[in-house]
Structures are given as C-alpha cells and as structure tokens.
Amino acid sequence: MRIATWNVNSIGARLPRLLPWLEETAPDIVALQETKCAAGAFPYLAVQALGYEAVAAGDGRWNGVAILSKLGLTDPTTDLAGYPEARLAAAQCGPLHVTSVYVPNGRSPEDAQYPYKLEWLAALRARLDGFEPTQPLVIMGDFNVAPTDDDVWDVRAFSGSTHVTPAERAGVQALVDWGLSDVRARPGKGDHPFTYWDYRAGMFHKDLGMRIDLVLATASTRVTDAYVDREARKGKLPSDHAPVVVDIDL
DNA sequence: ATGTCATCTTAGAGATGA
C-alpha cells in the first residue's frame, strides 16, 4: 500500500500538477494540505475519475485539508476539538486510520499564533486518546515544525524563529511518545530529506529547505520505503512543498 | 536571507499569509 502527503498550496492552482502526479505515483491514500478551497468547491469529480473517494475541509481562502482514498473512506471528520479552522481531516481508509493535518504556522514566537500553534498540537495529541497505538494509524501533513536541527538547512538562520523551538518540537514529540514513528524519508538530493523550499531567492535550486512535512505512523503499518518526490517541486508552477511518499505493508 | 506565489477585494493594485 502506498500513502502520501502533499501541501499543494492551492488545489485549484495545482490541479494540473496533482492529477498527473496521482496517475504516475499511484498512491492509494493521499493527505493534502493548503487546498485553499471551500469544501463544496473541492474537485471531487476530478479525483473520482482517478478512483479516489475524498473528504475535504475548507473555508475558501486559507488553510484547507483533504484525504483521497482508493481503499474506501468511512467515518470522515473534519473537526478538531472545536477549533474552527480547516486544518484537520480524518477517516478510516480500509485497514488504515488516516489523519491529514495542516498545523498552524505560528508566524513568530512573539505572535499570538505561536501559543495557538502549541495548543493546536496539544489538541491533536489529546485526540489520539480515542485511538490505540497498536492499530494501523498515520497522521501526516504539514506540521510546520522541523523536529531536529538537521531538518533545516542552517539552524543558525532560525534563531528567534518558529519551526525549531523546543516547545514546538515537544508538541510533535508528544505525538511520537504516544506511539508514532516519524518516518524518515530517503532524501531526493543531498543528505537531508527536505520537503519545503521557499519560492524566493533560489532556495530550491540551492537546496536550502526544511523537513516540515511529516508522516507519523504506528508500528503496525510496517513501513517498507519512504522518499521525498523532489521532481514534483520542479518544473512549471510547482507547490513550494514536495510530496512525501511512503510504502507500507499492511 | 526574503528575490515568489496564491487569493481576495472589487475592476487594478494593494493587503495578507506563507
């Protein structure tokens, strides 16, 4: 079984990249983030034509998440403890429970968005109380957290910034401590499996990226391979994130 | 280290967020 997560930075703008990618990569389940698309305007028919059922959350301009599944999609939810923003979608997809997340960015450690980010991560952890660490389960998406110093191109450049603070990392670690593994993908280039590169300043070309798109999986998913699809970050009108593709043996 | 991109407002360039 192949699963993937991709922050597409607008599904409307990215459909010409997403649909061919789905056909070539043939994932069974895909978590999408930053669809920037109202739930009612989601391109259900376009993905249905490729064999996917979908659940989408979105209020239009910002945020927006979705799950695509070829293996069935039951008990969908888009609610996280009453948080109003469209940042979580979850469903049972055949044998696997899947959650797609778009964790708040935080903006800066001084911004009100920063404690909001930490609270949101804590709510995500609390939500796991309804599940078992022994069951096949993944939480994947854009966490807006680089779990280690090695997950940014130069940690010195992040002094005073979000994404690398101990509190944010503790928020992700709490998910791991519950019983999830941070699946380490093979890098597409260099030593670092970065998943995001700023559009500006030739960051992608210089491989000055960050590993902030994560796949957190329970042991029973039995991961056999994982890679960052760097090709999807190249070419015409790419997202600023690359997909992470994970093969599991369920 | 901010050189780009996407969206919305509301009809053209500016604001916002990442």
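Lettering of chains follows the sequences in order, A, B, ..., and the numbering in each one begins at 1. Computed from heavy atoms alone, side chains included, the values below leave out hydrogens, waters and symmetry copies.
Relative to the ring axis of A/Trp197, A/Arg230 places its NZ or CZ within 45° and under 6.0 Å from the centre.
Regarding A/Asn63, its CG atom lies at a distance of 15 Å from the C1' atom of B/dC8, rounded to whole Å. The distance between atom CZ of A/Arg61 and atom P of B/dT10, rounded to the nearest whole Å, is 11 Å. Across the protein-nucleic acid pair, A/Glu85 atom CD and B/dG17 atom P stand 11 Å apart, rounded to whole Å. When the C1' atom of B/dG17 is taken as reference, atom CG of A/Asp240 falls 11 Å away, rounded to whole Å. Going from atom CG of A/Asp111 over to atom P of B/dT16 covers 13 Å, rounded to whole Å. Between the P atom of B/dA1 and the CH2 atom of A/Trp153 lies a distance of 10 Å, rounded to the nearest Å. Remark: P of B/dT16 and CG of A/Asp59 are 18 Å apart, rounded to the nearest angstrom. Across the protein-nucleic acid pair, A/Phe158 atom CZ and B/dA18 atom C1' stand 13 Å apart, rounded to whole Å.
The side chain of A/Ser10 has B/dA6 as its nearest neighbour among B/dA6, B/dA18, B/dA1. Of the candidates B/dA1, B/dG17, B/dC5, B/dG17 carries the atom nearest the A/Trp62 side chain, counting heavy atoms from C-beta on. Looking at the side chain of A/Arg200, the nearest of the listed nucleotides B/dC8, B/dA18, B/dG17 is B/dA18. Closest to the side chain of A/Ala201, out of B/dC5, B/dG3, B/dT16, is B/dG3. Which of B/dA6, B/dA18, B/dA1 sits closest to the side chain of A/Lys206 comes down to B/dA1.
No option in A/Phe204, A/Tyr196, A/Tyr199, A/Phe194 other than A/Tyr196 meets the ring-ring contact (aromatic ring centres under 6.0 Å, His included) test with A/His241.
Residue-to-nucleotide proximity on DNA chain B shows that, of A/Tyr196 and A/Ile11, the 5′-proximal contact is made by A/Ile11. Judged by closest nucleotide on DNA chain B, A/Ala13 is the one of A/Gln113 and A/Ala13 placed further toward the 5' end.
Using a 4.0 Å heavy-atom cutoff across all strands shown, A/Asp198 reaches at least one base atom of the nucleic acid. Counting non-hydrogen atoms under 4.0 angstrom, A/Tyr102 reaches the backbone sugars and phosphates but no base.
Rounded to a whole angstrom, the distance from the P atom of B/dT10 to that of B/dA6 is 23 Å. Rounded to the nearest Å, the gap between the C1' atom of B/dA1 and that of B/dA15 is 23 Å. Distance noted for atom C1' between B/dT7 and B/dG12: 15 Å (whole Å).
A search for side chain to side chain donor-acceptor pair (under 3.5 Å) contacts involving A/Asp177 returns A/Gln173, not counting sequence neighbours.
Of the side-chain N and O atoms in A/Arg107, one or more sit less than 4.0 angstrom from OP1 or OP2 of B/dA18. In terms of phosphate contacts, A/Arg14 brings a side-chain nitrogen or oxygen within less than 4.0 Å of OP1 or OP2 of B/dA6.
The line from CG of A/Leu68 to CD1 of A/Ile29 is 10.0 Å long, rounded to the nearest 0.5 Å. One distance of note links CE of A/Met140 with CG of A/Asp213; it measures 11.5 Å at 0.5 Å rounding.
With 3.5 Å as the limit, one finds a donor-acceptor pair spanning the side chains of A/His163 and A/Asn144.
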